[in-house]
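These notes concern the structure reproduced below.
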Amino acid sequence: QVQLVESGGGLVQAGGSLRLSCATSGRPVGSYHIGWFRQGPGTEREFVAAINRGGITTNYGDSVKGRFTISRDNPKNAVYLQMNSLKPEDTTVYYCAASLDPSFDSRFSLAYMYSYWGQGTQVTVSS
């Protein structure tokens with residue numbers, strides 16, 4: 001059973017940057033396509049970014065395009081979400097998710113494509 005652990009959240013001022021990390025235990029992160037989602041209390045889960053297991057293909061949600069970058073370092077067992085030009089509306093809990101699906105396409109912006117989820121890390125952007 002794989003476990004995903006997010007780290008790197010915290011408090012930052014608007015316009016600042018944070019880098020989130022997602023690591024796996026039980027099976028190397030290189031086995032999975034990885035997605036980042038975010039969700040706050042009473043809100044729907046929002047797609048942020050996804051990357052295929054080889055690190056070649058990425059997708060981004062419209063609200064973060066041009067500001068956030070997803071990447072991975074499989075030998076280090078890590079996937080990263082570099083978040084720049086942060087805005088107060090980026091404040092919420094961020095989750096990484098993993099999929100063993102053999103293919104990777106635009107469907108991976110949908111939460112149901114992922115079988116495994118981390119516990120989340122809080123990001124707070126002050127104005």
Side-chain angles (χ1 to χ4, degrees):
Q1 181 73 17
V2 66
Q3 290 186 323
L4 287 82
V5 179
E6 304 95 338
S7 61
L11 174 64
V12 64
Q13 289 188 333
S17 299
L18 282 175
R19 188 177 79 161
L20 305 184
S21 298
C22 175
T24 60
S25 63
R27 192 164 179 169
V29 76
S31 302
Y32 302 94
H33 307 312
I34 297 291
W36 285 96
F37 291 77
R38 62 188 186 185
Q39 185 175 23
T43 66
E44 293 187 357
R45 190 164 294 183
E46 179 187 6
F47 171 67
V48 176
I51 188 167
N52 73 328
R53 59 173 55 88
I56 303 301
T57 305
T58 58
N59 291 329
Y60 293 92
D62 289 341
S63 62
V64 305
K65 281 181 181 176
R67 300 189 299 124
F68 291 11
T69 303
I70 189 170
S71 63
R72 66 192 304 155
D73 188 337
N74 287 343
K76 292 186 177 179
N77 197 48
V79 173
Y80 306 107
L81 183 68
Q82 178 67 43
M83 305 186 296
N84 299 330
S85 301
L86 282 161
K87 305 174 182 179
E89 51 264 44
D90 294 319
T91 295
T92 191
V93 179
Y94 286 71
Y95 300 88
C96 68
S99 171
L100 287 169
D101 198 282
S103 63
F104 183 83
D105 52 40
S106 60
R107 294 173 302 158
F108 284 83
S109 65
L110 302 172
Y112 74 79
M113 293 300 295
Y114 299 87
S115 301
Y116 309 100
W117 291 81
Q119 294 299 306
T121 186
Q122 175 71 43
V123 170
T124 303
V125 184
S126 63
S127 57

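Owing to the predicted nature of the structure, the values given are computational and were not obtained by experimental measurement. Note that the numbering runs from 1 along the sequence shown for the chain.
Of the options Y94, Y95, F47, a side-chain contact (heavy atoms from CB on, under 4.5 Å) to R38 is made by Y94 and by none of the others.
Across every non-hydrogen atom of W117 and A111, the tightest pair is CZ2-O, 3.5 Å. When every heavy atom of V12 is checked against every heavy atom of G16, the shortest pair comes out as CG2-CA, 3.9 Å. Of all non-hydrogen atoms in V93 and Q122, the two that sit nearest each other are CG2-OE1, 3.2 Å.
A 6.0 Å sphere centred on CD of E89 holds more than 12 heavy atoms belonging to other residues, nucleotides or ligands. The neighbour count for Q3 CD, taken as heavy atoms of other residues, nucleotides or ligands under 6.0 Å away, does not exceed 12.
Without hydrogens or angle criteria, H33 side chain to Y114 main chain gives no donor-acceptor distance under 3.5 Å. Using a distance-only test at 3.5 Å, with no hydrogens or angles considered, no donor-acceptor pair links the side chain of S127 to the main chain of P88. A donor-acceptor contact shorter than 3.5 Å is absent between the side chain of T58 and the backbone of I51. No side-chain donor-acceptor contact under 3.5 Å links T124 to the backbone of L11. No donor-acceptor pair closer than 3.5 Å links the side chain of E6 to the backbone N or O of T121. Between the side chain of T92 and the backbone N or O of Q39 there is at least one donor-acceptor pair closer than 3.5 Å. Judged by distance alone, with hydrogens and angles left aside, the side-chain atoms of N74 form no donor-acceptor pair with the main-chain N or O of N77 at under 3.5 Å.
With rounding to the nearest 0.5 angstrom, the OH atom of Y60 is 14.0 Å from the OG atom of S109. For the atom pair CG (L20) and CD1 (I70), the distance works out to 10.0 Å, reported to the nearest 0.5 Å. In this structure, CG in L100 is found 6.5 Å from CZ in R53, a value given to the nearest 0.5 Å. Here the CD-CZ distance, from E44 to F37, works out to 12.5 Å after rounding to the nearest 0.5 Å.
Contact check for K87 versus R67: side-chain heavy atoms found under the 4.5 Å cut-off. The side-chain heavy atoms of I34 and R72, taken from C-beta on, include a pair separated by under 4.5 Å. Side-chain contact check for V2 versus Y32: some heavy-atom pair is nearer than 4.5 Å. For the pair S21/Y80, a side-chain contact is recorded, criterion being any heavy-atom separation below 4.5 Å from C-beta on.
Residues passing the salt bridge (charged side-chain N to carboxylate O under 4.0 Å, His left out) test with R107 are D105, sequence neighbours excluded.
Classification of D62 and K65 as a salt-bridged pair holds, one side-chain N sitting under 4.0 Å from a carboxylate O.
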For a side chain to side chain contact (heavy atoms under 4.5 Å, CB included) check, start with the C-alpha distance between Y116 and R27, then their side-chain angles and the critical distance, and finish with the verdict. CA-CA 12 Å; Y116 309 100; R27 192 164 179 169; over 6 Å; no
Determine, step by step, whether W36 and V79 satisfy the side chain to side chain contact (heavy atoms under 4.5 Å, CB included) criterion, reporting the C-alpha distance in whole Å, the side-chain angles of both residues, the deciding distance to 0.1 Å, and the verdict. CA-CA 10 Å; W36 285 96; V79 173; 3.9 Å; yes
Candidate pair M83 and V123, rule side chain to side chain contact (heavy atoms under 4.5 Å, CB included), full reasoning: CA-CA 10 Å; M83 305 186 296; V123 170; 3.8 Å; yes
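S106 and N59 form no side-chain donor-acceptor contact under 3.5 Å, judged by distance and modelled atom types alone.
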